[in-house]
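Lettering of chains follows the sequences in order, A, B, ..., and the numbering in each one begins at 1. These figures come from a predicted structure and were not determined experimentally. Computed over heavy atoms, backbone and side chain alike; hydrogens, waters and symmetry mates excluded.
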Amino acid sequence: MSEPTDSSDPVKTSRFTYRQLQGLRHGSTATPLRVVAHIDLDAFYAQCEMVRLGTSRETPLAVRQWDSLIAINYAARPFGITRLISVAEARKLCPGLVLQHVATFREGEGGRWAYRDDSFRNISTEKVSLDPYRAQSRKILQTMKEALATWGVDNTGDETQRPKQEAAAGLEKASIDEVFIDLSPLVYKTLLQRYPELQSGTQDENRDADLPIPPTTALQWDTDCLVDLDKHEAEEDDPDWDDVAMLIGSEIVRSVRNAVWDKLSYTCSAGLGRNKMIAKLGSACNKPNLQTVVRNRAVQNFLGGYKFTQIRMLGGKLGDQITSSFGTEKVSELLNVPLEQLRTKLDDHTASWLYGIIRGDDRSEVNPRTQIKSMLSAKSFRPSINSLDQADKWLHIFAADIYGRLVEDGVLENRRRPRVITLHHRTTQFRSRQIPIPKSTTIDEAMLFDLAKTLLRQIVADGQAWPCSNLSLSVSSFEEGVSNNRAIEGFLVRGDQAKALSHVARPRATDNITNEQPPAEKKRRLDGNKIRQFFGNPSDDAVGEAQGTPQSHIGTISEEVDIPQYTCPRCSTSVSEYEKEEHDDWHFAKDLAQQDREQSRSSQPVPPPKTNPRGATPRGRGGRGGGSRGKPEKGQMRLAFQ
DNA sequence: CTCTCCGAC
DNA sequence: GGGTCGGAGAG
């Protein structure tokens with residue numbers, strides 16, 4: 001301001017340096033120019049059912065699980081329907097409400113889930129399946145990824161639609177209906193395209209020189225919801241590069257949301273900010289179908305209005321402990337507590353983390369979707385079950401459920417495989433037993449069931465197994481497969497077909513392989529043969545050569561040969577038209593996994609608060625007061641990667 | 001490994 | 001508030 005306002009070119013410079021601009025390029029978590037987005041599907045389970053059933057956006061709809069509501073769409077909310085009320089109350093409040101029960105597995109039907117009109121009466125014989133929502137989640141993620149990949153290559157007159165694989169934004173699937181995206185690399189690219197003057201300084205040595213001031217004096221925020229600026233900031237002030245970066249990020253997010261709507265008819269809400277914490281809080285501010293931008297100049301004002309218990313990682317006991325230690329839930333009041341004082345009640349690591357987080361400082365990375373680490377299938381029993389017979393039936397369903405998901409994860413191709421299987425059992429207490437999954441055997445449904453059965457009998461032998469109120473089966477300790485056969489990976493096999501496959505081939509696969517070294521090569525060949533036989537794929541040279549497989553082994557399942565074939569443009573694999581969609585899904589999953597493998601090396605764990613002293617808080621469910629801690633909304637759902 | 005706890009949705 | 005997850009620490 002002390003500068004003379006020369007009417008010629010201003011000497012005024014940006015608050016940011018070339019070094020900070022460069023930080024954008026490789027996803028530095030420290031640069032103040034960083035742009036992170038959080039995108040959240042609106043009432044996700046409800047939207048899935050709206051799309052599946054083809055109901056209009058104006059039709060009130062709720063998703064039912066037994067006698068509870070687990071998701072309520074936005075058309076139904078004005079009627080006062082919440083997740084807490086009963087089905088009968090909901091009907092009374094809104095006679096036109098569409099109530100759709102979640103899909104279920106049913107005893108004796110293996111891994112096939114289905115939507116059934118009478119599920120709500122069969123809580124004792126059915127188990128919820130989230131597979132339909134997982135499938136939709138995958139498609140949505142794929143669409144988002146494609147939108148990001150094509151950002152900026154659309155209107156360039158370059159008609160050759162090159163995939164443009166570079167500069168793919170880091171995309172972290174945070175749950176079944178949420179993603180984080182670090183937009184920094186894309187923003188960087190766009191910034192240099194739009195403002196060529198920024199390129200000049202990127203090569204020379206003077207990285208700490210200030211950037212020139214942005215040429216624009218007013219930014220067009222379109223339909224974004226802008227969080228009000230901090231006290232001493234004014235909208236009239238000229239924007240700096242962090243504002244411009246945020247605007248570009250906002251355009252990218254809008255294009256992603258538009259793609260999801262145009263292609264799949266899902267609406268979502270988004271938050272944009274300098275880091276994950278800000279973005280996450282922002283996405284919940286304006287729902288449904290809106291995006292909220294928290295500029296750096298607005299962070300203080302934004303955070304100051306929150307209870308810190310709404311910040312990620314502070315929603316549980318740690319948040320409670322902090323609340324009681326310092327006598328407030330408000331961020332604005334906790335800001336007055338000096339670091340030293342935080343340290344008197346919290347361990348150093350937690351204190352430092354907390355001190356920064358309430359000031360908007362969150363350097364956690366957007367982790368390209370980490371590989372799944374465990375899978376669990378569970379059922380609570382009301383009333384309890386009382387016999388091995390009953391329990392075994394559930395173990396069958398658990399095994400089928402988990403097997404289906406393992407297939408999606410690539411067990412058949414030997415890409416990944418769990419090492420351990422665990423059975424949890426609850427009477428008055430919880431107990432669990434686990435055993436290794438034998439290596440060198442093909443994992444299939446029957447094998448999982450046998451292992452589960454063994455575990456259950458161990459638990460029963462320990463005594464006091466009945467009545468049982470909860471049972472769950474999980475697999476964990478995944479390891480990367482040795483196999484990386486690209487040709488085989490080009491196939492997709494899953495569900496019943498996969499099951500049929502494994503059952504056919506299992507006797508040989510399991511009986512012939514010794515317990516010694518797992519013959520990975522041999523196993524891979526078996527898998528390859530099975531897959532090819534199933535699809536009746538007439539030619540795959542890579543596989544054929546590598547394995548020296550006689551062509552006569554191919555195409556032996558005759559009932560498949562008449563199905564119209566689809567040739568995948570990516571892997572030149574032929575699958576039935578019927579399987580095309582799932583094949584595409586499979587590619588998507590594979591891409592994500594590849595992305596994980598490539599990027600997991602370079603990413604560091606978040607600085608999560610250290611564990612708090614166990615003895616300091618009462619055990620059990622006593623820690624929290626009545627459920628009145630208000631999560632504003634966000635009705636449902638669940639789950640994650642994958 | 002087993003058991004327990006946390007946090008999220 | 002419960003069902004359904006994923007993850008990690010203590011011993």
Calculate the interatomic distance between [X] atom [atom1] and [N] atom [atom2]; express it in whole Å.
{"X": "D320(A)", "N": "dC6(B)", "atom1": "CG", "atom2": "P", "result": "10 Å"}
{"X": "I70(A)", "N": "dT4(C)", "atom1": "CD1", "atom2": "C1'", "result": "10 Å"}
{"X": "L314(A)", "N": "dC6(B)", "atom1": "CG", "atom2": "C1'", "result": "13 Å"}
{"X": "H425(A)", "N": "dT2(B)", "atom1": "NE2", "atom2": "C1'", "result": "16 Å"}
{"X": "K127(A)", "N": "dC5(C)", "atom1": "NZ", "atom2": "P", "result": "5 Å"}
{"X": "R312(A)", "N": "dC6(B)", "atom1": "CZ", "atom2": "P", "result": "19 Å"}
{"X": "L318(A)", "N": "dA8(C)", "atom1": "CG", "atom2": "C1'", "result": "15 Å"}
{"X": "R426(A)", "N": "dC5(B)", "atom1": "CZ", "atom2": "P", "result": "12 Å"}

Subject >> Q321(A) versus L346(A), closest heavy-atom pair with distance >> reply: NE2-CD2, 3.8 Å

Subject >> Contact summary for Y133(A) and E49(A), nearest pair of heavy atoms >> reply: OH-OE2, 2.6 Å

Phosphate contact ([N] OP1 or OP2) by [X] side-chain N/O below 4.0 Å:
{"X": "R382(A)", "N": "dG2(C)", "value": "no"}
{"X": "Q434(A)", "N": "dT2(B)", "value": "yes"}
{"X": "R405(A)", "N": "dG6(C)", "value": "yes"}

From the options [options], select the nucleotide whose nearest atom is closest to the side chain of [X].
{"X": "Q65(A)", "options": "dC5(C), dG3(C), dT4(B)", "value": "dG3(C)"}
{"X": "V128(A)", "options": "dC5(C), dT4(C), dG1(C)", "value": "dT4(C)"}
{"X": "K317(A)", "options": "dC5(B), dT2(B), dT4(C)", "value": "dC5(B)"}
{"X": "L84(A)", "options": "dA8(B), dG6(C), dG1(C)", "value": "dG1(C)"}

Original post:
Does R83(A) get its side chain close enough to the base of dG1(C), under 3.5 Å, for a donor-acceptor pair?
Top reply: yes

Original post:
Will you find, in the side chains of K307(A) and T328(A), an N or O donor that is under 3.5 Å from an N or O acceptor?
Top reply: no

Original post:
Going from CZ on F120(A) to CZ on R64(A), what distance comes out if it is rounded to the nearest 0.5 angstrom?
Top reply: 5.0 Å

Original post:
Between F430(A) and V420(A), which has a closest nucleotide on DNA chain B that is more 5'?
Top reply: V420(A)

**OP:** Return the orientation label for the H396(A) and F449(A) ring planes: parallel under 30°, perpendicular over 60°, tilted otherwise.
**Re:** parallel

Original post:
For S374(A), which contact category applies under a 4.0 Å heavy-atom criterion: base, sugar-phosphate, or nothing?
Top reply: sugar-phosphate

